[in-house]
There are 2 protein chains.
Amino acid sequence: MRTPNSANVISIASLKIACGECSLRNLCLPLDLDANDMRALEATVKNHRKLSKGEYLYRVGDPFHALFAIRTGSTKNCEIAADGSVQITGFHLPGELLGLDAISSEQHPCDVVALETTEICELPFAKLESLAHELPSLQHQLLRLMSREIADEESQLLMLGRMKAEERLAVFLLSFSSRLQRLGNSSTVLHLPMSRQDLGEYLGLALETVSRLFSRFQEEKLITVQGRNVTLLDVERLKNISENFLPSQNARS
Amino acid sequence: MRTPNSANVISIASLKIACGECSLRNLCLPLDLDANDMRALEATVKNHRKLSKGEYLYRVGDPFHALFAIRTGSTKNCEIAADGSVQITGFHLPGELLGLDAISSEQHPCDVVALETTEICELPFAKLESLAHELPSLQHQLLRLMSREIADEESQLLMLGRMKAEERLAVFLLSFSSRLQRLGNSSTVLHLPMSRQDLGEYLGLALETVSRLFSRFQEEKLITVQGRNVTLLDVERLKNISENFLPSQNARS
DNA sequence: CGTGTGTTTGAACAATGTCAATTGGTGTGG
DNA sequence: CCACACCAATTGACATTGTTCAAACACACG
């Protein structure tokens with residue numbers, strides 16, 4: 001069931017879109033580059049891949065040679081325990097970078113799976129690194145992105161270590177909503193690309209607990225639920241529930 | 001109760017020790033630098049600070065301007081929730097770097113507190129960054145260190161999200177033991193610098209649960225406990241207990 | 001020798017997980 | 001177009017784990 005490497009790499013030229021024209025350029029590697037630098041960056045973007053729902057971008061142990069950026073779609077990041085239990089360490093949306101956790105060991109420490117049809121840009125790391133050496137602002141940006149990832153995961157640790165089930169779901173709904181909003185979607189009418197199982201594996205809960213919480217939130221008129229379509233009805237009260245969370249550093253800047 | 005800034009900065013000259021002569025040089029920023037580069041790195045190390053037990057190196061919201069490396073002693077990294085509950089996201093030992101989570105927002109997202117008398121080197125980030133621009137191997141090393149931090153925290157997420165209490169403690173004991181060993185200490189006779197409360201806040205458990213687990217592990221002849229002095233008696237069985245954990249990526253390289 | 005902080009231990013309770021049955025929605029083939 | 005099969009989601013009953021509250025203890029420090 002390995003990802004078939006050749007089958008999915010569609011003609012590079014046909015798919016290649018310049019970073020300068022990409023609608024995500026401000027999210028992905030938000031730099032103020034001049035035209036020259038932008039061309040250099042574009043030259044490092046190797047090609048685009050298209051993953052179908054359920055397909056793997058890479059797996060635990062795969063050798064690391066590139067970072068990936070999501071153009072469209074969404075993915076999950078799965079850490080796998082020896083007994084088979086799974087912890088999803090993050091969901092990723094367009095404009096976000098994948099693979100930062102693999103630079104150190106040069107092997108991917110987790111699986112990345114597409115939650116729906118997903119388009120990916122590949123950034124060969126050696127090229128990116130040498131370009132960063134030439135462009136201080138790119139070096140700075142890379143360090144910032146990694147730092148942000150660390151800070152986000154520390155918040156996530158607080159969630160898994162200290163928050164109760166309903167707080168976790170409220171935090172997730174609000175944070176996912178604001179991420180979708182930043183991509184130009186509604187902040188209250190959400191379509192979740194992941195299953196209840198995925199959510200449970202992300203929130204550190206049994207899928208049944210997640211399902212019950214959705215039902216209870218609906219009873220309490222906090223949200224409306226129809227399967228994976230969720231509408232936030234009372235954002236204020238959701239914020240109250242989640243407010244065990246960090247005071248200041250909460251928002252994804 | 002803010003850290004008194006001036007009182008603890010003892011005469012810089014008297015404390016300053018060259019990186020090239022530091023016993024931690026292979027842990028802290030393990031580079032193969034020539035004499036020139038080493039001098040440049042040393043020049044960026046601003047000064048040394050000494051913290052007493054319980055003193056803060058920095059607090060949530062403090063402006064970020066430097067990374068810190070531990071020379072001796074140990075610290076804890078505390079993420080604080082609005083309701084006052086605390087999640088410790090990591091303990092740090094000599095040779096390890098602090099503050100990587102603050103680069104992005106330029107504010108520290110967590111508190112760092114000394115668990116015992118602790119000596120710290122300060123690495124002003126602007127200097128470090130511009131030096132990294134000149135020395136590709138330093139740039140690479142910084143990216144590696146941050147990547148490692150991300151990967152470690154993802155393992156931690158698996159622990160908090162999926163492991164049972166006894167597995168968490170077993171993982172902690174083994175991992176802390178191997179970190180101490182790397183510093184030249186015994187791998188089986190440990191002195192823990194943190195309280196049961198700290199451990200609970202790190203492992204996502206009540207302190208009473210941690211205490212009970214120590215007692216149970218002792219009954220089962222896995223370890224010997226006398227307060228904070230712990231001896232590992234049966235490392236094999238501890239490994240079995242913790243083996244829910246990652247198959248390969250577990251070890252701290 | 002007393003005081004205080006950290007640790008251990010016990011018992012009752014609450015939260016969440018597990019197992020199992022049911023429902024609902026979707027796509028396929030008759 | 002309907003019937004069936006399949007998978008995701010819901011719901012209920014019960015078991016388990018870990019928390020909470022409370023008390024006793026122990027060691028270090030003045």
Side-chain angles (χ1 to χ4, degrees), chain A residues 52-54 76 81 83-88 113 115-116 159-173 190-220 223-230 241 244, chain B residues 52-54 76 81 83-88 113 115-117 159-172 190-220 223-230 241 244:
Chain A
S52 323
K53 178 175 173 169
K76 62 177 174 179
D83 72 345
S85 57
V86 174
Q87 178 65 35
I88 293 178
V113 185
L115 294 171
E116 58 196 311
M159 179 173 106
L160 291 181
R162 288 283 161 250
M163 294 179 81
K164 287 183 293 182
E166 58 164 24
E167 298 167 335
R168 298 184 197 189
L169 184 60
V171 167
F172 166 76
L173 287 172
L190 328 179
H191 177 77
L192 305 179
M194 71 292 283
S195 67
R196 298 289 188 265
Q197 165 110 267
D198 289 334
L199 271 174
E201 288 170 351
Y202 174 70
L203 298 172
L205 300 169
L207 72 93
E208 293 94 330
T209 306
V210 175
S211 181
R212 275 184 252 270
L213 283 170
F214 272 115
S215 302
R216 221 184 70 206
F217 278 14
Q218 178 159 239
E219 268 175 37
E220 294 169 359
I223 61 176
T224 286
V225 187
Q226 280 175 325
R228 298 186 183 185
N229 295 308
V230 177
I241 292 174
N244 248 21
Chain B
S52 323
K53 177 174 174 172
K76 62 177 174 181
D83 72 344
S85 59
V86 173
Q87 178 65 35
I88 293 178
V113 185
L115 295 172
E116 58 194 312
T117 302
M159 181 173 103
L160 291 180
R162 288 283 161 248
M163 294 179 81
K164 286 183 294 183
E166 57 165 24
E167 297 167 334
R168 298 183 197 190
L169 185 59
V171 167
F172 166 77
L190 330 179
H191 177 77
L192 305 178
M194 72 292 283
S195 67
R196 298 289 189 264
Q197 166 111 271
D198 290 334
L199 271 174
E201 289 170 349
Y202 174 70
L203 298 173
L205 301 169
L207 72 92
E208 293 94 329
T209 306
V210 175
S211 180
R212 275 183 251 271
L213 282 170
F214 272 115
S215 302
R216 221 183 72 207
F217 278 15
Q218 178 159 240
E219 269 175 35
E220 294 170 358
I223 61 177
T224 286
V225 187
Q226 279 174 329
R228 297 185 183 186
N229 295 307
V230 177
I241 292 174
N244 249 22

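Every chain is numbered from 1, with letters handed out A, B, ... down the list of sequences. Since we're looking at a predicted model, the values are computed, not measured.
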Is the closest side-chain heavy-atom distance between T224(B) and Q218(B) below 4.5 Å?
yes
Heavy-atom distance under 4.5 Å between the side chains of M159(B) and Q87(A), does that happen here?
no
Quick check: any donor-acceptor pair below 3.5 Å linking the side-chain of R212(A) to the base of dT18(C)?
yes
Spacing of L203(A) atom CG relative to dG17(C) atom P, expressed in whole Å:
10 Å
In whole Å, I'd like the distance from the CZ atom of F214(A) to the C1' atom of dA9(D).
11 Å
Provide, to the nearest angstrom, the distance between the CD atom belonging to E167(A) and the P atom belonging to dA14(C).
17 Å
How close or far is atom P of dT23(C) from atom CZ of R196(A), stated in whole angstroms?
19 Å
In whole angstroms, how far is the C1' atom of dT10(D) from the CZ atom of R216(A)?
15 Å
Side-chain contact, heavy-atom cut-off 4.5 Å: L203(B) with T209(B)?
no
Nearest whole angstrom, please: distance from the C1' of dT10(D) to the CD of Q218(A).
12 Å
Roughly, in whole Å, what's the span from CG in L213(A) to P in dT10(D)?
11 Å
Could you check if a side-chain atom of Y202(A) sits within less than 4.5 angstrom of a side-chain atom of R168(A), using non-hydrogen atoms only?
no
Qualifying residue, where the test is side chain to side chain contact (heavy atoms under 4.5 Å, CB included) with L192(B) and the options are N229(B), V230(B), D198(B):
V230(B)
For DNA chain D, whose closest nucleotide is more 5', that of R162(A) or that of S211(A)?
S211(A)
So what does T209(B) hit on the nucleic acid, given a heavy-atom distance under 4.0 Å: a base, only sugar-phosphate, or nothing?
base
Mind checking G204(B) for me? I need base, sugar-phosphate or nothing, with any heavy atom below 4.0 Å counting as a touch.
sugar-phosphate
Among dG6(C), dT18(C), dT20(D), which nucleotide sits nearest the side chain of A206(B)?
dT20(D)
Picking from dA9(D), dT7(C), dT10(D), which would you name as closest to the side chain of L207(A)?
dT10(D)
Classify L205(A) by what it touches in the nucleic acid, base, sugar-phosphate, or nothing, heavy-atom distance under 4.0 Å.
sugar-phosphate
Could you give the CG-to-C1' distance, from D198(B) to dG6(C), as a whole number of Å?
11 Å
Presence of donor-acceptor pair under 3.5 Å, side chain of E208(B) and base of dC21(D):
yes
From the list dT9(C), dT20(D), dT10(D), which nucleotide is the closest neighbour of the side chain of S215(B)?
dT9(C)
